[in-house]
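We use all heavy atoms of the structure for the numbers below, so side chains are in, but hydrogens, waters and symmetry mates are not. Position 1 is the first residue of the sequence, and the numbers go up from there. Just so you know, ligand 1 is whichever comes first in the structure, and atom 1 is the first atom listed for that ligand.
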Amino acid sequence: MVRLDLVAALLAATTLAGAVAPNPPAIVPGAYIIEYAEDQDTHAFVAQELGGKASLRKDLRFKLFKGASVQFTDTKNAEQTAAEVAKLPQVKKVYPVRRYPVPRHVVHSTGHAAAESVAKRQADSDTFSTHLMTQVNKFRDAGITGKGIKIAVIDTGTDYLHPALGGCFGPGCLVSYGTDLVGDDFTGENTPKPDPDPLDTCNGHGTHVAGIIAAQTNNPYGIVGAAADVTLGSYRVFGCSGDVGNDILIAAYNMAYEDGSDIITASIGGSSGWSEDPWAAVVSRIVESGVPCTVSAGNDGDAGVFFASTAADGRHVTAIASVDNSVTPALLTRASYTVNGSAASSFGYAAGEPAAWNNISLPLWAVSFNTTDPANGCDPYPDSTPDLSGHIVLVRRGTCTFVQKATNAAAKGAKYVIFYNNVVGASAVSAQVDGIEATAMVTADQGEAWISALQAGSEVVVSMPDPATAGVFLEYFNDTATAGFLSDYTSWGPTFEVEVKPQFATPGGSVLSTFPRALGSYAVLSGTSMACPLAAAVYALLMDARGTKDPRTLENLLSSTAHPNLFRLSGKSLPYLAPVPQQGAGLIQAWDAAQATTLLSVSSLSFNDTDNFNPVQNFSLSNTGSKPVTYTLSNVGAATAYTFANDTTIVPASFPNELTGDFATLAIEPSTFTLPAGHRQVIQVTAAAPKGVDTKRLPVYSGYVAINGSDGSALSLPYLGVAGSLHSAVVLDAGNTFLSRASDNNNTPVRADTTFLLPPPGFANDTAYQNTTQQPKLVVSLTMGSALVRVDVVPTGNCSTAARNATVVFGTRTLGQPDGLPSWWNPRGQLEYSWDGKLDDGSYAPPGAYKLAVKALRIFGDAKDGSEYDAAETVQFRIKYAPAPAKLARSRSKSRRGR
Ligand SMILES: *[C@@H]1O[C@H](CO)[C@@H](O)[C@H](O)[C@H]1NC(C)=O
Ligand SMILES: *[C@@H]1O[C@H](CO)[C@@H](O)[C@H](O)[C@H]1NC(C)=O
Ligand SMILES: *[C@@H]1O[C@H](CO)[C@@H](O)[C@H](O)[C@H]1NC(C)=O
Ligand SMILES: *[C@@H]1O[C@H](CO)[C@@H](O)[C@H](O)[C@H]1NC(C)=O
Ligand SMILES: *[C@@H]1O[C@H](CO)[C@@H](O)[C@H](O)[C@H]1NC(C)=O
Ligand SMILES: *[C@@H]1O[C@H](CO)[C@@H](O)[C@H](O)[C@H]1NC(C)=O
Ligand SMILES: *[C@@H]1O[C@H](CO)[C@@H](O)[C@H](O)[C@H]1NC(C)=O
Ligand SMILES: *[C@@H]1O[C@H](CO)[C@@H](O)[C@H](O)[C@H]1NC(C)=O
C-alpha cells in the first residue's frame, strides 16, 4: 500500500530508522477513472456503454477534467474490462483508482482546555519562529496579510468553530467555502457520503494546516497565521480514519478550482515518481490554468533519492520540502515531584499513549544511571530487578522502540513508564503494551536531573495529576542541532524522468498550530504537511504584494530568492550544500521574493541523464528595477548524491545515501553583464557532468547558478542532472519477485507446484469461502519506478485446453493478465496482487498449472518493445475452483435475468 498520507512525520525511537521504501498505494479492485475524449453525459455514458457492467462511483465532469470513476460489478458475465472501455472512441484514457491511507501523523504534544499561558505577543508584531525563518513576519509588519485571496485546503476538513479559526463557516467567515466530499464514516473502501459541512472534529491534520495559514491571534500560545486575512476553502477528503481514492482527490481539486480559489494546497501524498500519475496530471492542468498548487513533498526521506511523491511530482506543481523549526515548541502537562520528601517542584511532560495518569504518585526507578547510553532499557532487565509495580520506571529514549522499552519494564511488573528525551523537547509517544497503564515523556534535562538524584541515593517521588484536568503550558526549546536544516524525513526527488523536485522548503519540523477543540485545541506536529501550508500562505502574501497571481512568475521568484543550506547529518554540517533533490531551491525568503526586481524565466533546470543529456539550456533574466544593474553569474555546486551504494546493488541506498563533493561544471554565457532598467538578457548554460564519479551508481548531481547583482541582489537558480543512464537501471528485482499466499502477511514464498483452491468464479469476496479457499499473491519488487508492469498468466501444461487458447506476447505464452493489470506509473517498492483466477478480459483462467511472468518496463523504455522490459517468473503453481453453492448460484443467475 502506498502511504499517500497526510504528510505529517512519524516519530521513531531512533533518529535514522532502517529505511525501507514504503509500499505503493493500493489499487481499488475493479475501480477505474475514465477520462472522456469529449464532454458527455455521465449517466448516459454509464447506462449505454457500461450498462449493467459498472456502477458510477463519481461523476468527474469539470472544466479541466471530463470523466467519471466507475466500479465494475464483480460477477463473471457482467464484467467488461477497463481495457475494452479504453478502446471506446468517447474515452481518452482509463486509470485505476488508487487508495491513499489516512495520515499516520504524529502529534508531538497537544493542549487542552486548561491552557495556562496567555498571549505574550502583541498582535502588531510577528515573532513566530517559522515566520522569522522565512521573512513572513515582514509582511505582517508591512500590513500585507493576503486580504481577499482565496486558499483552498484539501485535507481532513477544518474545525472552523475553533475560535482562532474564525468560529463559523460560510460567507464572511475565515473558512468561507468548501465542502465535505466523504463524511465521517468514509474509509476509502465504502461509499462516500458527501455533505456540505467540512468540519474536522475527529482527525486534526486539516485543522493544524489551516492554522498555519491563517490562525487568528486570539489564542493563548501566540500562534500567528502567516496570511491571517485570506479566505479559506475547506475540502474534506478523509473520513475519521481510512483512505481516500484519487478519484475523490481529483474531484476536490476541480471543485476548488471552479470555486474560484487563487491557490490550492494539499498536504497529502504517496510514493510515485511519475508526473503522469492521474492525480498529478490533473493538478498540473490546474496550475497551467493559472492557479498555483502547493503539495507537500512527502515524508519518505529515509528511502533515498528518486522517491518523489504524487501529486507533488506533477509538472509545474510546487513540491514543498521541510526544514526543522528554529525552536522546538512543546505543549506540556504540569506535574510535580519531591526529592527525599522536600517541597514539591514542578515539571512538564507530554502524555503518551496510554495515559491513565490518574493522580498517580510513585517513586522513580531507573534501570541504569548512564544518561548517555543510547540503548537504555532495550535489553531485558536483570534478574536482580525489584518488583516495579510500585514505581514509575524512568528510561532514556533511543535505539530500540518505545514499545520494546515499555515491554521490558512491564516484564518486571511496571505499570508506569516515563521516557526522558535524547533530543531537544518532549513528544507524545505511543507504547501500547500489556500491563502498561500510562506513559509520558520529559525533557533530557529533567530526566538527567532525576537520574543524578537517584544516583545520589535520593528518593524521587513523582506526582502525576489527571492529564484531563492538569494545567498545560507551552515551552520552547532551542534546537541548536537541526534548526533551519532539511528535516531528515523530507522526501527526495527527482522524478524518474529527471524533473526537478522538490521546488523549495519551509519549516515543517515541530510546528505549533491549531487543533480540533475536541482533540486539545492546539498541537505541535511535524512533517512536510506542516511546511506546505506555509508555502501556500506565502503565495497569498506575494499575490497581495506583487499584484500577480501567475503561478510561474511566483514560483520563479520564490525559487530564485530562496536560500540553499548545507547538508546536515546527525547534528553535523557537511562542507557542501544539500543536494537540490533534497532541498530544491532552499528555504523560502518570502520578503526577498516580494521585493525582487530581477526576474528569471524559469525556476530550475534539468540536464536529464546521460542518454538524454540536454546540456545547453537558456533562461532569461529581466531587470524590472529602475536602474541599470551589473550581474555576475557563477556555478555553486551542491553535494552529488549516489543512488546506489555500489556497482552491484540494484536497490537504491536508503538515507543517508553517499554524498560526494564532485560538482558539475557549467559554462555560463554571458557570465557578467550590465543590464539597463527594463531590459532582458538571455543566458546560456552549458553543463558538463562531474568527472570521476561512478556512473553505474547513478550519481544525481546538482547545484545553483548564483546571480549577484550590483544592486545587492543575490539570487540562485537550482539545477540537477543524472550522470549515468536511467534506462540501464534494473527496475525489477527478479530475486524478490515471487508467489506467496493472499493470507500470508509475511509474504513467505510458496513452494513450486503448490495448489491453490480458489473461491468459485465471482465469489472471491464471499466470506463463506474465506477459510476453505486460498488465493495466490504475486509479490513484485521494483527497485526503480516502472511506467508499465504487465503480468502474464502462462499455462505450463502443454496439452491443457488453456494452453491451446494462449497467445504470445513479447515471446511469452499468455492467457491474459490477472484482472486489474497491467499497472501504470509504478513507484519503486513492493507491489502485491492477490489473484482469484480472473483475467483482464473478465473470464476466469481454467483450472490447471500456471506460472506468472512479470515484465516491468525500464525507465525511458519503449513499451512496444519486449526487450525494454525486465522480466521475472514465479514458480509453477496449480489452481482449482471450489464448487459454487447451488442455491447462491441460482439466485445470482435469477437476479441477472431480472435486470
Ligand atoms: C554510558 O554508556 C556509553 C555507551 O554505552 C558508554 O560509552 C559510557 O562509557 C557509559 N558511561 C558510563 C559512566 O558507564
Ligand atoms: C536523600 O536521602 C538519601 C538517603 O538517606 C541520601 O543519600 C541523599 O543524599 C539524600 N538526598 C538529598 C538531596 O539530600
Ligand atoms: C534560545 O536562544 C535564544 C536566542 O539565541 C536565547 O535568547 C535564549 O536564551 C535561548 N533559550 C534557551 C532556553 O536556551
Ligand atoms: C528526459 O528525457 C526524456 C526522454 O527524452 C524525456 O521523456 C523527459 O521528459 C526528459 N526530462 C526532462 C526533465 O526534460
Ligand atoms: C553493495 O551494497 C549492498 C547494499 O548496501 C550490499 O548488500 C552489498 O554487500 C554491497 N556489495 C558490495 C560488493 O560491496
Ligand atoms: C474484494 O476483496 C478484495 C481483496 O480480496 C478487497 O480489496 C475488496 O475491497 C473487496 N471488494 C468488495 C466489494 O468487498
Ligand atoms: C473462519 O474462521 C474464523 C476463525 O477461525 C471464524 O471466526 C469464522 O467464523 C470462519 N468463517 C467461516 C465462514 O467458517
Ligand atoms: C478459448 O477461447 C474461446 C474464445 O475466446 C473461449 O470461448 C473458450 O472458452 C476458451 N477456451 C478455454 C479452454 O479457455
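Below 4.0 Å from some heavy atom of T372 lie the following atoms of ligand 1, by number and element: 1 (C). The N646 neighbourhood of ligand 5 comprises atoms 1 (C), 2 (O), 3 (C), 8 (C), 10 (C), 11 (N), 12 (C), 14 (O), with distances under 4.0 Å to a heavy atom of that residue. Short contacts between ligand 7 and T767, defined as distances under 4.0 Å to a heavy atom of the residue, involve ligand atoms 13 (C).
For atom 9 (O) of ligand 1, no protein heavy-atom neighbour is found at a distance under 4.0 Å. There is a protein heavy atom closer than 4.0 angstrom to atom 2 (O) of ligand 1.
Considering only non-hydrogen protein atoms, atom 4 (C) of ligand 1 sits nearest to P374 CD, 3.7 Å. Ranking protein heavy atoms by distance to atom 5 (O) of ligand 5, first place goes to A645 CB, 4.0 Å. Nearest to atom 14 (O) of ligand 7 among the protein's heavy atoms is N771 ND2, 3.4 Å. The protein non-hydrogen atom at the shortest distance from atom 12 (C) of ligand 1 is N370 ND2, 3.3 Å. Among protein heavy atoms, atom 13 (C) of ligand 5 sits closest to T648 OG1, 3.8 Å.
The backbone N or O of V460 sits nowhere less than 3.5 Å from a side-chain atom of S458 that would complete a donor-acceptor pair.
Of all heavy-atom pairs spanning V854 and T737, the tightest one is CG2-CG2, 3.9 Å.
The cationic group of R697 lies under 6.0 Å from the six-membered ring centre of Y642 and within 45° of the ring axis, placing it in a cation-pi geometry.
Relative ring orientation between Y844 and Y881 is described as perpendicular, the plane-to-plane angle rising above 60° on a 0-90° scale split at 30° and 60°. Classification of the F306-F496 ring pair by plane angle, with boundaries at 30° and 60°, yields parallel.
With respect to the salt-bridge test (charged N to carboxylate O, under 4.0 angstrom), the residues E832 and K777 qualify.
A donor-acceptor contact under 3.5 angstrom links the side chains of S322 and S487, judged on distance only.
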